[in-house]
Engineer: 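Input: one structure, supplied below.
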Amino acid sequence: MSGRITELFNNNVFTDAEMKARLPKKVYNEVKACKLDKGSADIVAQAVRDWAIEKGATHFTHVFEPLTMLTAEKHDSFVSLPDEDGKVMMDFTGKELCESEPDGSSFPSGGIRDTSRARSYTSWDMTSPIYVKEDAIGTILCIPAAFCSYTGEALDAKTPLLRSMDAVSEQGVRLLRLLGNTTSTKVTAGVGPEQEYFIVDRDKYLQRDDLVFTGRTLFGAPAPKGQELDDQYFGVIPERVGSFMKELNEELWRFGITAKTQHNEVAPGQHEVAPIFSVTNVAADSNLLLMDTLKKVATRHGLVCLLHEKPFAGVNGSGKHNNWSLSTDDGINLFKPSKKPETDTRFQLVVGCVMKAVKKHALLLRTAASNPGNDHRLGANEAPPAIISIFLGDQIGGVVDQIIEKGYADSSIPAGMLDLGVKECPAVDKDPTDRNRTSPFAFTGNRFEFRMVASSCNVAEPNIVLNAMMAEAFSDAADAIEAKLREGKHTDVAIREVTAEFIRENKDIYFNGNGYTDEWVAEAERRGLPNVKTWVDSIKSVTEPTTVEMYEKFHILTKRELEARAEVFYETYSKTLNIEAGTMIDMVTKKIIPAVIKYENNLAASVNTIKSAYAAANISTQEGMLHEIAELLGETYKALKKLSDVHAKAVAMEGKEQAFYYKDVVKEAMDELRAPVDKLEVLVERKVWPMPTYGDLLFEI
C-alpha cells in the first residue's frame, strides 16, 4: 500500500517540482517570490494549461471563499475561437490565471455590494497549490484565489487570512531581533485541523427533511443505546465506512492532503480524519477541499457525510480541533520549549504574549470559532465550555506559577519514562504534562490546540484572529522591551520584566482544571472571563474598538469591512434559524401529525373492535395509550401554532433585532414543539412513524 500512496500523492497537484520542470528559472523564482509581471504570467498560464490538459481538464476556475463559509467556483472552458481550418483552440492567458470577475452582489457582503453594483474580482493566491479536480461534470483546473469587491474591500476569508499571516510574521521577526535572533527572516503560521463528521445511510437521510434542509435532526427520541458504554471510540471501523475511508484517503492523497489519522469518534456513526500540519492558508484551502471530498465520496458509497456540529441530540457533536503553531524559516518552533523551559526566556515571553492575546480577545475567538450549529455543542460534556481559558499543563504551568510569584523561574517538571511493569512491552516516553480535553485552548507540547472550532466552519476564520492577536501581542512586547532599553536597562532584564508583566497581568486566563464543573463557571465569573452561551451574543466583538484597532493597525480589515462581517453573521444566524423553524413546521404539519392521527385512529378502532367482541374485556392499556397520545397530539398542535406565529413575526424583522428574536423567542418555540413530538415517537408504532429514528440512522450502517 505504501507504493500506492507514493503513486497517488500529489498526483492532481501542480507541484513545485512541476513548476521547476515546466517554467524558466527566472519565471519560477518570480512565482515563488509572488512578483509576477504580465509576460511571466502568460508563460505560467501556458505551463499550467498544458499540465491540466494532460490531466484531462477541459475547464478552469478560481476557487474562492466568500462569507458563506464555503467555497465558490465558476467554470470556464479552455475553448477559444477556432482557427482558419475550423480547429478549436485551447487557450488560457496570464490574466485568466491571475484574476476573474464573479458577481459580487450575489454573495453575502454586509452592504458592501448591492445588486446595482455587482463587479468584484478574484486574485490567484500564488502560495497555495493549483490542482485539478475530477468530478462528474469533468476534470476542472482549480486555482486558489482571494475575493474582493470592485472597491478592493475583502468579501472573503482568504484575503484577511493572508494579511494576518503577513502581520504575525513581521511582528514576530521584529520581536526575535530584540531577543538576539539575527537569522530568522520570516515567521510562518501553521495549522493541522482535525475534522470530525458523522456518516449515515443515504436512503434513510433522504427520508429526513430536517437532515436534508438543515444538516441536523430537529426531532428524534434517543435510541435505546447511545455512547454510554464508550465502545464506539477507537472501535473497529464498520466495513461499509472502511470502504468509504479507503477511497477518501486516496482522493485526499491525490490532492496532496496529508491524511494521516482516521478513527471512530465517541458517538455512534461519528468519525475523524486529521492531516499533518501545513502553512495556514494551504491548510484552510485543504480543509475546505477535504470537507467537499468527504461529501462526494460518501455519496458514491450510498452514504451521506454530516458536518453539522450537532446532528443528533443526546450524543456527542462534531468539532474541528485547530492545532496552531508559529515557526521561523530557519526551523524554530516558537511554541516548543527547550528541555529546560525554566531558562528558556524566548519561550516564556511567547507564552506571555499568548496569554495577553487570548485574554484581550477571548470573545472575538468565541465568535470566530462558531456558527449557529456550535451553540448546540459547546458546554456539553463532549466539547470545551463557552468560557475561553488557556491550559498550560503541569510543566509550563509550573514555570508560569513561579514567574507570577517571584518574576522568574528556576525549575520545571522533567519529562521521563513510563514503565508499564510488563516485560513484554517497552517503556514509553512520558510527557511532563497530561492533556486536558475540557480546555478550549490547550498547550500540547509544541502547539496550541483551539478545540472550540465548529466542524463546518471555514478554518480560516479562527486563524485570522489567532494570527492578528499574536501580531498585536508581539508588537506590544517589542514596544515594551524597547521602552525599557531606552531607560537604560539591560536586554535580559527588559525581557524578563516584560515577560513577568504580561503573565501577571493576564494570569486570569490561565486555568489547568476541569472546565466542565460548576465551580469553574463561578470562578470564571469572578475572574471576569466572558461566558457567552450563543454565537449571536458574541458577534458584537467583531466591531468592538479593540477589534477594530487591532485589525486596522495591521491592515487586516477596516472598520467598514468588520461592520459588514458582523451584519453577515447576524443574517446567517437568522437565516439558519428561519430554515430550521420552517422545516419543523412543514414536517409536523405534513408528516408527523397525519402519521399520529392515523395511528390514533387504528388504536381507537382496535378499542372498539375489542369492545364489540367482548364487552367485559380489560382495555385499560389501549385506552391509556390512546389518552396519552391524544394529550401529546394536543400539545404538539398548540406548540405548532405558537411556532408558526412567532416564526411569521421573525420573518418580518431585519438585522440584529431579527437575530436576537430568533434566539430568544423562535428557538424556545422550536424546543417546545420538539418535546411532545419526541415523546410521540416513542409511543407510535415504528412502521407508522414517518421517518427513520435515531437507532436507524446511527446504528444501521
Side-chain angles (χ1 to χ4, degrees), residues 65 67-70 108 110 157 160-161 191 193-197 214-216 284 287-288 291 306-311 316-324 358 361-390 437-442 448-469 515 524 529-544 547 557 562 565-577 579-580 656 659-660 662-664 667:
E65 304 166 19
L67 297 179
T68 58
M69 300 305 152
L70 303 171
L161 178 64
V191 173
E194 304 169 23
Q195 180 70 56
E196 295 175 339
Y197 61 93
T214 75
R216 75 179 182 101
N287 183 254
L288 287 165
M291 290 194 288
L306 303 177
L307 291 171
H308 193 282
E309 290 68 34
K310 193 76 169 180
N316 276 18
S318 296
K320 187 174 354 229
H321 300 167
N322 189 90
N323 295 284
W324 170 63
V358 175
H361 297 290
L363 193 57
L364 186 61
L365 279 171
R366 167 72 172 89
T367 307
S370 295
N371 56 22
N374 219 21
D375 289 349
H376 301 283
R377 166 180 168 262
L378 294 179
N381 285 5
E382 54 168 291
I387 305 166
I388 299 273
S389 65
I390 297 177
R437 69 189 307 272
T438 73
S439 175
F441 203 88
F448 282 90
E449 183 181 17
F450 190 23
R451 297 176 56 88
M452 184 179 276
V453 181
S455 56
S456 63
C457 179
N458 182 345
V459 78
E461 289 294 328
N463 284 287
I464 294 167
V465 179
L466 291 171
N467 295 334
M469 71 183 196
L529 303 182
N531 182 9
V532 179
K533 302 292 187 180
T534 70
W535 184 52
V536 73
D537 282 310
S538 73
I539 293 173
K540 62 183 181 182
S541 66
V542 175
T543 54
E544 285 184 347
T547 302
L557 289 167
L562 288 165
R565 281 161 196 267
E567 184 175 328
V568 169
F569 293 162
Y570 285 124
E571 286 180 356
T572 299
Y573 187 88
S574 295
K575 289 174 180 178
T576 300
L577 271 291
I579 293 168
E580 290 185 350
K656 183 177 179 180
F660 276 90
Y662 271 110
K663 176 185 77 82
D664 296 329
K667 188 177 181 300

Engineer: Calculate, to the nearest 0.5 Å, the distance between atoms CG and CD1 belonging to L363 and I388 respectively.
Structural biologist: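 With rounding to 0.5 Å, CG (L363) is 8.5 Å from CD1 (I388).
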Engineer: Please test Y662 against Y573 for ring pair (Phe, Tyr, Trp, His ring centres under 6.0 Å), starting from the C-alpha separation and ending with a verdict.
Structural biologist: CA-CA 8 Å; Y662 271 110; Y573 187 88; 7.5 Å; no
Engineer: Identify the two heavy atoms, one from P385 and one from G515, that lie closest to each other, and give their separation to 0.1 Å.
Structural biologist: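 Looks like CG-O, 3.5 Å.
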Engineer: Given 3.5 Å as the limit, does a donor-acceptor pair link the side chain of R451 with the main chain of R437, or not?
Structural biologist: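 Side chain of R451 to backbone of R437: a pair is present.
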Engineer: If I compare all heavy atoms of L466 with all of F441, which pair ends up nearest, and what's the gap?
Structural biologist: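 Where L466 meets F441 most closely, the heavy atoms are CD2-CE1, 3.6 Å.
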Engineer: Please report the closest heavy-atom contact between R565 and P160, naming both atoms and the distance.
Structural biologist: NH2-CG, 3.9 Å
Engineer: Say you draw a straight line from NZ of K320 to CG of L307; how long is it, rounded to the nearest 0.5 Å?
Structural biologist: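 One gets 7.0 Å once the value is rounded to the nearest 0.5 Å.
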Engineer: Indicate yes or no for a side-chain donor-acceptor contact from D537 to the backbone of K533 under 3.5 Å, with no hydrogens or angles considered.
Structural biologist: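 Looks like no, no N/O pair under 3.5 Å.
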Engineer: Give the minimum heavy-atom separation between P530 and A362, together with the two atoms involved.
Structural biologist: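 Looking at all heavy atoms of both residues, the shortest contact is CG-CB, 4.2 Å.
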Engineer: Verify the distance criterion only: is there a donor paired with an acceptor across the side chains of N458 and E65 at less than 3.5 Å?
Structural biologist: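 E65 and N458 do have a side-chain donor-acceptor pair below 3.5 Å.
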Engineer: Could you tell me whether the side chain of L364 reaches within less than 4.5 Å of the side chain of M469, counting heavy atoms only?
Structural biologist: no
Engineer: Just so I know, are the side chains of E567 and K656 near enough to count as touching, which here means a heavy-atom distance under 4.5 Å?
Structural biologist: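 No. Closest side-chain heavy atoms not under 4.5 Å.
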Engineer: Does some side-chain heavy atom of V191 sit less than 4.5 Å from a side-chain heavy atom of N323?
Structural biologist: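 The answer is no, as the side chains (C-beta and beyond) never meet within the 4.5 Å cut-off.
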Engineer: Should R216 and E580 be marked as a salt bridge (charged side-chain N to carboxylate O under 4.0 Å, His left out) after you check the CA-CA gap, both sets of side-chain angles, and the distance that decides it?
Structural biologist: CA-CA 9 Å; R216 75 179 182 101; E580 290 185 350; 2.9 Å; yes
Engineer: Look up atom NE2 in H308 and atom NE2 in H376, then write down how far apart they are to the nearest 0.5 Å.
Structural biologist: 5.5 Å
Engineer: To check you understand the geometry: which heavy-atom pair defines the closest contact between F450 and L365, and what is its length?
Structural biologist: CZ-O, 3.7 Å
Engineer: Can you tell me which residue pairs pass the salt bridge (charged side-chain N to carboxylate O under 4.0 Å, His left out) test with a partner in residues 364-375, sequence neighbours excluded?
Structural biologist: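 The answer is R366-D375.
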Engineer: Taking atom types as modelled and ignoring hydrogens, do the side chains of S318 and S455 form a donor-acceptor contact shorter than 3.5 angstrom?
Structural biologist: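 Per modelled atom types, S318 and S455 side chains form no pair under 3.5 Å.
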Engineer: side-chain contact (heavy atoms from CB on, under 4.5 Å) for Y570 and I539? Distances and angles first, verdict last.
Structural biologist: CA-CA 8 Å; Y570 285 124; I539 293 173; 3.6 Å; yes
Engineer: Would you check if M69 and N371 make a side-chain contact, meaning some heavy-atom pair closer than 4.5 Å?
Structural biologist: no
Engineer: Can any side-chain N or O of T547 pair as donor or acceptor with the backbone N or O of S541 at less than 3.5 Å?
Structural biologist: yes
Engineer: Any non-hydrogen side-chain atom of N322 less than 4.5 Å from a side-chain atom of N463?
Structural biologist: yes
Engineer: Nearest 0.5 Å, what's the OG-CZ distance between S370 and R377?
Structural biologist: 8.0 Å
Engineer: Say you draw a straight line from CD of E309 to CH2 of W535; how long is it, rounded to the nearest 0.5 Å?
Structural biologist: 10.5 Å
Engineer: Between T68 and P108, is there a side-chain heavy-atom distance shorter than 4.5 Å?
Structural biologist: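 Yes, close enough: below the 4.5 Å cut-off.
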Engineer: Does the side chain of M452 come within less than 4.5 Å of H321's, by heavy atoms?
Structural biologist: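 In short, these two side chains do not touch, never coming nearer than 4.5 Å.
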Engineer: Using 0.5 Å steps for rounding, measure from the NZ atom of K310 to the CG atom of N374.
Structural biologist: 10.5 Å
Engineer: I'd like to check F569 versus V542 (side-chain heavy atoms, cut-off strictly below 4.5 Å). Are they in contact?
Structural biologist: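 They are in side-chain contact.
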Engineer: Closest approach of S439 and S389, non-hydrogen atoms and distance?
Structural biologist: OG-O, 3.8 Å
